[in-house]
Amino acid sequence: MSEPVSIAPDGTLDVPDQPAIACIQGDGIGPDIWPGARMVLDAAVRAVFKDKKKINWVLVPAGQSSYRQTGEWLPRQTLDTIKSLKVAIKGPLTTPVGDGIRSLNVQLRRHLDLYACIRPVRYYTPVPSPMKHPEKVDMVVFRENTEDVYAGIEWASDSRESRQLMGLLKTHLGCDLPGSSALGIKPMSPEKTRRLVKKACEYAFEKKRKTITLMHKGNIMKFTEGGFCKWGYEAALEYFGDRIITEKDLYATHEGIVPPGHVVIRDRIADMVFADVLLRPEQYDILACPNLNGDYISDALAAQVGGLGIAPGANIGNDCAVFEATHGTAPDIAGKDAANPCSMILSGAMMLDHLGWQKAGDAVRQAVSRALAGGRMTSDLAGQIPGVEAVSCSAFSNIIMENLEKSF
Ligand code: NAI
């Protein structure tokens, strides 16, 4: 019988054998990639758990198709359903164009307080990459989703609000800014940093990762980005002092040898991280970042391993989790059965992990890996490798399916 996932009193997930999971198919290539993704995810659950477990998908409207049918881009009912089911997967959504309309993704994150954007980035052979050794990239970005300059608190140049605020800044704080300035506010708080870093630590323990790097610009923005770094260390040590060691302590008291069962926490300035992940990617593991740094670095890392078409993602809070393909609606290829379904499929694998069905998640990742290694892929990748045959989105989903079935 289909039941919702629930949260146990200790904050862990209580997952029934037949959970109801919300699904937003998405706009543009959403309807191209979703049928194959659903087929592969259902098959993985069936193959691992036989008839014992099964997902019951609950399709909910959002985006352009919802607007056409209901006049609403993101109906209240959709938010309520995701809130009650706790877990959802979504395809890409068109951002409505017009003054005052915010991105639907931002609205979803806000309403459901999905404060951690999690993007694992790893390489799959033979995906074309600009790196000499893309296989050295194996990182997970934890990006704070709710504050920083992305909080959307800004005023246009020459607006009444910006002039008013500049007046206050000049009178009370002695800041004399050019009168025509546009202004934005960059709020960053200890509590929101702490919950992000706590999540990154929990992930590191669960997935047996080695290092968490706090990525910040605290050398310049001392109280916001510098605060992120300081609060990040404090949270990690307060919550997990018995299992976390700072890089400083590692060398001061342990001669650089990590004590068994420990994860190292360290910090790096953001600009150096961009250079390092190209030059020494093997030195990076989990990256915990404020919103803007996290946005830049996750797309840059995705490019290092072959682009957004294969990069999965999740937005997770304490109550709900929404797994999503990280690319957009790709209007240029929508409806042509040409899109790469991997990002959606691999986001689904993350969702299976989240449900505690890791074996099914692993089966999906392995099937994707074998399908790509088989040398036939969608045109976004095939077009960059001489001699490789391009196949359609549905054909590639079937190839992944065949590889999944072969391993059982
Ligand atoms: P986009 O990611 O849709 O497209 C950029 C380029 O990548 C295009 O050439 C497209 O064909 C290609 N591409 C993207 N995904 C692909 C896939 N799975 N397989 C093969 N090729 C793929 O970004 P763009 O054009 O900036 O945005 C289009 C729309 O998507 C906009 O309305 C934007 O707001 C929305 N968007 C939604 C996101 C989400 O829902 N998470 C994320 C990014 C953009």
Side-chain angles (χ1 to χ4, degrees), residues 22-37 40 60-68 73-74 78 82 88-98 101-112 114 117-119 124 127-128 141 143 145 150 152 291 294-296 298-300 302-303 305-316 321-348 350-351 368 371-372 376-385 388 390-397 399-400:
C23 167
I24 294 172
Q25 201 172 187
D27 298 322
I29 54 172
D32 294 315
I33 56 180
W34 172 241
V40 170
V60 289
Q64 214 156 30
S65 54
S66 165
Y67 184 71
R68 282 197 203 110
W73 288 93
L74 187 57
T78 292
I82 298 176
I89 186 164
K90 68 172 272 293
L93 292 173
T94 304
T95 299
V97 180
I101 304 181
R102 303 211 64 187
S103 146
L104 303 181
N105 297 306
V106 173
Q107 287 186 48
L108 264 174
R109 289 170 202 166
R110 279 274 163 79
H111 271 91
L112 303 169
L114 306 172
C117 175
I118 306 173
R119 297 257 193 105
Y124 289 93
V127 170
V141 178
R143 167 189 171 198
N145 244 349
Y150 275 59
N291 208 335
D295 191 10
Y296 292 154
S298 41
D299 278 15
V305 296
L308 290 174
I310 55 159
N315 292 292
I316 296 187
V322 177
F323 297 82
E324 65 170 353
T326 54
H327 52 74
T329 57
D332 48 334
I333 54 169
K336 294 182 179 162
D337 194 20
N340 186 339
C342 286
S343 175
M344 189 78 171
I345 291 173
L346 293 169
S347 302
M350 287 178 78
M351 188 196 78
V368 168
L372 289 165
R376 286 187 298 158
M377 49 197 90
T378 45
S379 56
D380 54 317
L381 304 176
Q384 300 177 60
I385 316 175
V388 165
V391 296
S392 67
C393 173
S394 48
F396 191 57
S397 303
I399 294 171
I400 296 173

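Start at 1 and go down the list; that is how both ligands and their atoms are numbered. The figures here come from the full heavy-atom set of this structure, side chains too, leaving out hydrogens, waters and symmetry mates. Model, not experiment: these values are computed from the prediction.
- Neither the backbone nor the side chain of Thr378 comes within 4.0 Å of ligand 1, counting heavy atoms alone.
- Figure legend: Arg109 and Tyr150 shown without cation-pi pairing, the cationic atom not lying both under 6.0 angstrom from the six-membered ring centre and within 45 degrees of its axis.
- Counting protein heavy atoms under 4.0 angstrom from atom 3 (O) of ligand 1 gives one or more.
- Shown here, atom 18 (N) of ligand 1 is in close reach of the protein: a heavy atom of it lies under 4.0 Å off.
- Within ligand 1, counting atoms from 1 as listed, the ones closer than 4.0 Å to a heavy atom of Ile333 are 11 (O), 20 (C), 21 (N).
- Distance from atom 12 (C) of ligand 1 to its nearest protein heavy atom, with residue and atom name: Ala330 CB, 4.4 Å.
- Here Ile33 has no heavy atoms under 4.0 Å from ligand 1, in either its backbone or its side chain.
- Here Asn340 has heavy atoms under 4.0 Å from ligand 1 in both its backbone and its side chain.
- Selection from Gly328, Cys393, Cys342 by nearest heavy atom to atom 44 (C) of ligand 1 gives Gly328.
- Between the choices Asp27, Thr329, Ile29, Ile24, the shortest heavy-atom distance to atom 28 (C) of ligand 1 belongs to Thr329.
- Residue-level proximity to ligand 1 for Thr94 is carried by backbone and side chain together, each with a heavy atom below 4.0 angstrom.
- Of all atoms in ligand 1, listed by their number and element, those nearer than 4.0 Å to a heavy atom of Asp380 are 20 (C).
- Although no hydrogens or angles enter the test, the distance criterion places no donor-acceptor pair under 3.5 Å between the side chain of Thr78 and the main chain of Leu74.
- Each of the following atoms of ligand 1 lies closer than 4.0 Å to a heavy atom of Lys90: 40 (O), 41 (N).
- Considering Thr95, Asp299, Asn315 only, the shortest heavy-atom separation from atom 33 (C) of ligand 1 involves Thr95.
- Taking only non-hydrogen atoms, the option from Ile310, Asn105, Asp32, Leu381 nearest to atom 41 (N) of ligand 1 is Asn105.
- Put simply, the side chain of Thr326 gets close to the backbone of Ala311: a donor and an acceptor are under 3.5 Å apart.
- Among all non-hydrogen protein atoms, the one lying nearest atom 9 (O) of ligand 1 is Asp332 OD2, 3.1 Å.
- Within a 4.0 Å radius of atom 24 (P) of ligand 1, the protein has no heavy atom.
- Counting heavy atoms under 4.0 Å from ligand 1, residue Pro331 touches it through the side chain alone.
- A salt bridge is absent between Lys336 and Asp32: the closest approach of a Lys/Arg side-chain nitrogen to an acidic carboxylate oxygen does not fall below 4.0 angstrom.
- Those atoms of ligand 1 that come under 4.0 Å of a heavy atom in Leu93, given as number and element, are 35 (C), 36 (N), 37 (C), 39 (C), 40 (O).
- Asp27 and Thr329 form no side-chain donor-acceptor contact under 3.5 Å, judged by distance and modelled atom types alone.
- Which parts of ligand 1 touch Glu324 is read off a 4.0 Å heavy-atom cut-off, strictly below it: atoms 41 (N).
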